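Worksheet: the structure to be examined is printed underneath.
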Amino acid sequence: MTLTPKDALLRYHLAERLKLDIMMIAHQFVTIPSLKKEEKAGAKTILIALTDVLASDCEAAAKMTGAEEFNQAAAVLLAVIGLAESNQFGLASDKAGEAMTPITTVAAGAYAVLNEHGLI
């Protein structure tokens with residue numbers, strides 16, 4: 001499928017925003033073990049909720065753009081939730097990083113189209 005510049009711009013925008021959010025979540029999971037005992041449960045709950053919202057954002061991006069890679073990233077983020085629920089925060093952080101690969105693929109493809117049309 002050939003992307004129009006408009007479609008490429010939407011994909012690029014969504015991919016870059018989601019990559020930033022994933023990096024933030026991945027970093028936050030690694031900080032949980034360093035928190036005080038009474039702070040850990042709340043932080044865990046909030047990060048799991050944020051990760052779930054992020055997975056939903058990826059699914060919405062897939063529906064808006066038709067890029068299946070966003071759904072792949074959502075599946076990885078759902079696996080991250082399972083790891084976090086079992087207090088495997090380091091693994092959750094590493095796994096969140098894996099969601100970057102399919103999203104980066106979308107961004108690179110969109111960037112190429114935008115560059116081809118002289119928009120970047």
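Note that the structure is predicted; figures quoted are calculated from it, not measured. The first residue in the sequence is number 1, and the count goes up from there.
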Would you say that [X] contacts [Y] through its side chain, given a criterion of any heavy-atom pair below 4.5 Å between the two side chains?
{"X": "Leu18", "Y": "Cys58", "value": "yes"}
{"X": "Arg17", "Y": "Asp57", "value": "yes"}
{"X": "Ile103", "Y": "Glu69", "value": "no"}

Quick one: which of Thr51, Leu54, Val76 gives a side-chain contact (heavy atoms from CB on, under 4.5 Å) with Ile22?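 One option only clears the test, and that one is Leu54.
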Under 3.5 Å, is there a donor-acceptor pair between the Asn87 and Lys44 side chains?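 A donor-acceptor contact under 3.5 Å links the two side chains.
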Between atom [atom1] of [X] and atom [atom2] of [Y], what is the distance when rounded to the nearest 0.5 Å?
{"X": "Ile48", "Y": "Ile81", "atom1": "CD1", "atom2": "CD1", "result": "7.0 Å"}
{"X": "Lys36", "Y": "Glu39", "atom1": "NZ", "atom2": "CD", "result": "5.5 Å"}
{"X": "Tyr111", "Y": "Leu119", "atom1": "OH", "atom2": "CG", "result": "11.0 Å"}
{"X": "Phe29", "Y": "Leu47", "atom1": "CZ", "atom2": "CG", "result": "5.0 Å"}
{"X": "Leu20", "Y": "Glu16", "atom1": "CG", "atom2": "CD", "result": "9.0 Å"}
{"X": "Leu14", "Y": "Phe70", "atom1": "CG", "atom2": "CZ", "result": "5.5 Å"}

For a quick test of reading the model, state the closest non-hydrogen atom pair linking Ala110 to Leu3 and the distance between them.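 Reported closest heavy-atom pair: CA-CD1, 4.4 Å.
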Which atoms form the tightest heavy-atom contact between Ala74 and Ala55, and what is the distance?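 So the two residues come closest at CB-O, 3.5 Å.
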With a 4.0 Å cut-off, would you call Arg11 and Asp7 a salt bridge?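 Salt bridge absent between Arg11 and Asp7.
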Can any side-chain N or O of Ser93 pair as donor or acceptor with the backbone N or O of Phe89 at less than 3.5 Å?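 It does not hold such a pair.
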Going by side-chain heavy atoms closer than 4.5 Å, which hydrophobic residues are tied to Val30, directly or by a chain of links?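 Val30 shares its hydrophobic cluster with no other residue.
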